[in-house]
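Here is the structure we will look at.
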Amino acid sequence: MDGRERKHIQSGKRVTIVLKQDQSTGALTEGIVRDILTKSPNHPHGIKVRLMSGEVGRVKEVF
C-alpha cells in the first residue's frame, strides 16, 4: 500500500519513509510507526509520521 491515505497507517506498522533531508535523493528509511503527525485523511506527498527511532518523514510504502 502507498502512504498517501491515513486510514492505511497505524501505530506499530512497518513502513518506509522519506526523511526531509533525503527528499532530493529519494532515499528511503524503514521503521515502525510511533505517531501519525498528519491530521488530514490523505496527503499527495504521503502522510507524515514519527518512527520509533524518532525520525520524521513522509510515508512511501506500508507493509
side-chain hydrogen bond (donor to acceptor under 3.5 Å, both in side chains) partners for R6, two or more places apart: none
side-chain contact (heavy atoms from CB on, under 4.5 Å) evaluation trace for V33 with I9: CA-CA 8 Å; V33 176; I9 302 166; 4.1 Å; yes
Closest heavy-atom pair and its distance - S40, N42: OG-O, 2.9 Å
Pairs flagged by salt bridge (charged side-chain N to carboxylate O under 4.0 Å, His left out) wherever residues 12-34 is involved - sequence neighbours left out: R14-E30
Pairs meeting criterion ring pair (Phe, Tyr, Trp, His ring centres under 6.0 Å) with involvement of residues 14-46, two or more places apart: H43-H45
ILVMFWY cluster, L28 and M1 together (side-chain gap under 4.5 Å): no
Check: residues 46-57 side-chain donor-acceptor pairs under 3.5 Å, at least two apart:
unit_1 : atom_1 : unit_2 : atom_2 : d
R50    : NH1    : D35    : OD2    : 3.0
S53    : OG     : E55    : OE1    : 2.9

Salt bridge (charged side-chain N to carboxylate O under 4.0 Å, His left out) against K7, all qualifying residues, sequence neighbours excluded: E5
R58: salt bridge (charged side-chain N to carboxylate O under 4.0 Å, His left out) partners, not counting sequence neighbours: none
Linked, directly or transitively: L19 and V62 (ILVMFWY side chains, under 4.5 Å): yes
